[in-house]
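Here's the structure, in structure tokens; my notes come after.
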Amino acid sequence: LRSYIATIKNDSGFMSKSTSLINYFKSQHNEKGRDFVQLYVNDQLAKTGNYIIALSSSLEILDRFKQREYTPGILTAYRILSTTYYYAGDTKLDVEYGKKAAALARSMDNNSALASIYNNLSTSYAQKKMADSAIAYALQAVVYAEKTKDTTVTMSVYGTLGEAYILQK
């Protein structure tokens, strides 16, 4: 599901394809699938300024995943909430949900998620002009990115680290 969403998220038909996918999961009584797709829709909504809808829906989905005790869903919801708060300009809640996501990803030993989460936390701290914290999180992102052996992820986190060092000067 995640790889399919990744292939269509920049597609002009993303919303209609996502709606079709949500309707399919509803017809199959697959709440997890429906909720995952909706979280990715919420991510797109946040990036286009529809923060209220994205936050409301993501918080509802987080509650459902918590009720099911479904850790991958909780992690995804935390990550989407962190991103949504970032775009909404609420760096306090952005960082709070980012740290919740990091703690959960550590408990899952999810190096890929940790690289991305720490990278995002570094960006959030850079936005707050807190260079030391931005560098510290970027360095953590590098550690986890190198464990993934994914050169795209590794290049991205090194870019963030460079930006954090520039901020420090």
Side-chain angles (χ1 to χ4, degrees), residues 2-3 5-6 9-10 14 35-66 69-169:
R2 186 175 177 177
S3 60
I5 295 293
K9 75 178 181 179
N10 294 322
F14 172 77
D35 285 347
F36 272 115
V37 175
Q38 186 61 52
L39 283 171
Y40 291 112
V41 168
N42 294 346
D43 186 49
Q44 292 298 94
L45 289 171
K47 291 175 181 173
T48 58
N50 293 299
Y51 316 118
I52 303 299
I53 296 168
L55 287 170
S56 175
S57 175
S58 297
L59 287 166
E60 287 176 15
I61 292 168
L62 173 61
D63 285 342
R64 284 197 293 272
F65 281 136
K66 283 182 173 182
E69 298 179 6
Y70 186 59
T71 308
I74 295 167
L75 176 60
T76 302
Y78 283 160
R79 293 176 72 180
I80 298 298
L81 284 162
S82 177
T83 301
T84 302
Y85 281 117
Y86 176 83
Y87 284 111
D90 189 334
T91 53
K92 180 181 177 195
L93 287 172
D94 161 29
V95 168
E96 180 181 320
Y97 278 98
K99 287 181 177 181
K100 287 180 180 186
L104 191 54
R106 269 192 310 277
S107 75
M108 298 168 68
D109 200 30
N110 188 332
N111 293 330
S112 179
L114 283 164
S116 175
I117 292 163
Y118 284 136
N119 196 54
N120 291 346
L121 283 166
S122 175
T123 300
S124 296
Y125 279 110
Q127 184 78 21
K128 295 169 84 167
K129 306 290 187 226
M130 297 174 69
D132 290 343
S133 294
I135 291 168
Y137 279 102
L139 288 169
Q140 286 297 307
V142 167
V143 168
Y144 288 102
E146 288 180 346
K147 288 180 181 182
T148 69
K149 309 236 187 283
D150 183 330
T151 55
T152 303
V153 172
T154 303
M155 287 174 21
S156 174
V157 299
Y158 272 110
T160 301
L161 179 61
E163 290 172 7
Y165 279 126
I166 290 169
L167 177 65
Q168 189 178 43
K169 292 187 180 206

With sequence neighbours excluded, residues passing side-chain contact (heavy atoms from CB on, under 4.5 Å) with A131: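 Only L167, Q168 meet the side-chain contact (heavy atoms from CB on, under 4.5 Å) criterion with A131.
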
List for me each residue that meets side-chain hydrogen bond (donor to acceptor under 3.5 Å, both in side chains) alongside [X], sequence neighbours excluded, and say none if there are none.
X: T148; result: none
X: Q44; result: none
X: E96; result: none

Contact check, side chains of [X] and [Y], non-hydrogen atoms, under 4.5 Å:
X: S156; Y: T152; answer: no
X: L62; Y: I74; answer: yes
X: N119; Y: V153; answer: no
X: T83; Y: R79; answer: no

Got a second to check how far [X]'s [atom1] is from [Y]'s [atom2], nearest 0.5 Å?
X: L45; Y: L39; atom1: CG; atom2: CG; value: 11.0 Å
X: T91; Y: Q127; atom1: OG1; atom2: CD; value: 7.5 Å
X: S58; Y: I53; atom1: OG; atom2: CD1; value: 11.0 Å
X: R64; Y: D35; atom1: CZ; atom2: CG; value: 4.0 Å
X: N50; Y: L55; atom1: CG; atom2: CG; value: 11.0 Å
X: T84; Y: L93; atom1: OG1; atom2: CG; value: 11.5 Å

Looking at residues at least two apart in the chain, or sitting in another chain, which of them share a ring pair (Phe, Tyr, Trp, His ring centres under 6.0 Å) with Y144?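 Testing Y144 for ring pair (Phe, Tyr, Trp, His ring centres under 6.0 Å), a comparison that skips the adjacent residues, returns Y118.
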
With sequence neighbours excluded, tell me which residues meet ring pair (Phe, Tyr, Trp, His ring centres under 6.0 Å) with Y125.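 If we apply the ring pair (Phe, Tyr, Trp, His ring centres under 6.0 Å) test to Y125, skipping adjacent residues, the hits are Y137.
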
Minimum-distance pair of heavy atoms, taken over all atoms of [X] and [Y]:
X: V157; Y: A141; value: CG1-CB, 3.7 Å
X: I135; Y: A164; value: CG1-CB, 3.6 Å
X: Y40; Y: T76; value: OH-CG2, 4.2 Å
X: S122; Y: A134; value: OG-O, 2.7 Å
X: A46; Y: Y87; value: O-CB, 3.7 Å
X: N42; Y: S57; value: ND2-OG, 3.0 Å

Any side-chain to backbone donor/acceptor pair from S56 onto I52? Under 3.5 Å, distance only.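 Side chain of S56 to backbone of I52: no pair is present.
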
Is there a donor-acceptor contact under 3.5 Å from the side chain of S82 to the main chain of D94?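 Pair found, side chain donor or acceptor close to backbone of D94.
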
Between Y78 and L104, does a side-chain contact (heavy atoms from CB on, under 4.5 Å) hold up when you go through it step by step? CA-CA 9 Å; Y78 283 160; L104 191 54; 4.2 Å; yes

Where do F36 and F65 land on the ring-ring contact (aromatic ring centres under 6.0 Å, His included) test, with the steps shown first? CA-CA 10 Å; F36 272 115; F65 281 136; 5.2 Å; yes

D63 vs I61, test: side-chain contact (heavy atoms from CB on, under 4.5 Å). Steps then yes/no. CA-CA 5 Å; D63 285 342; I61 292 168; over 6 Å; no

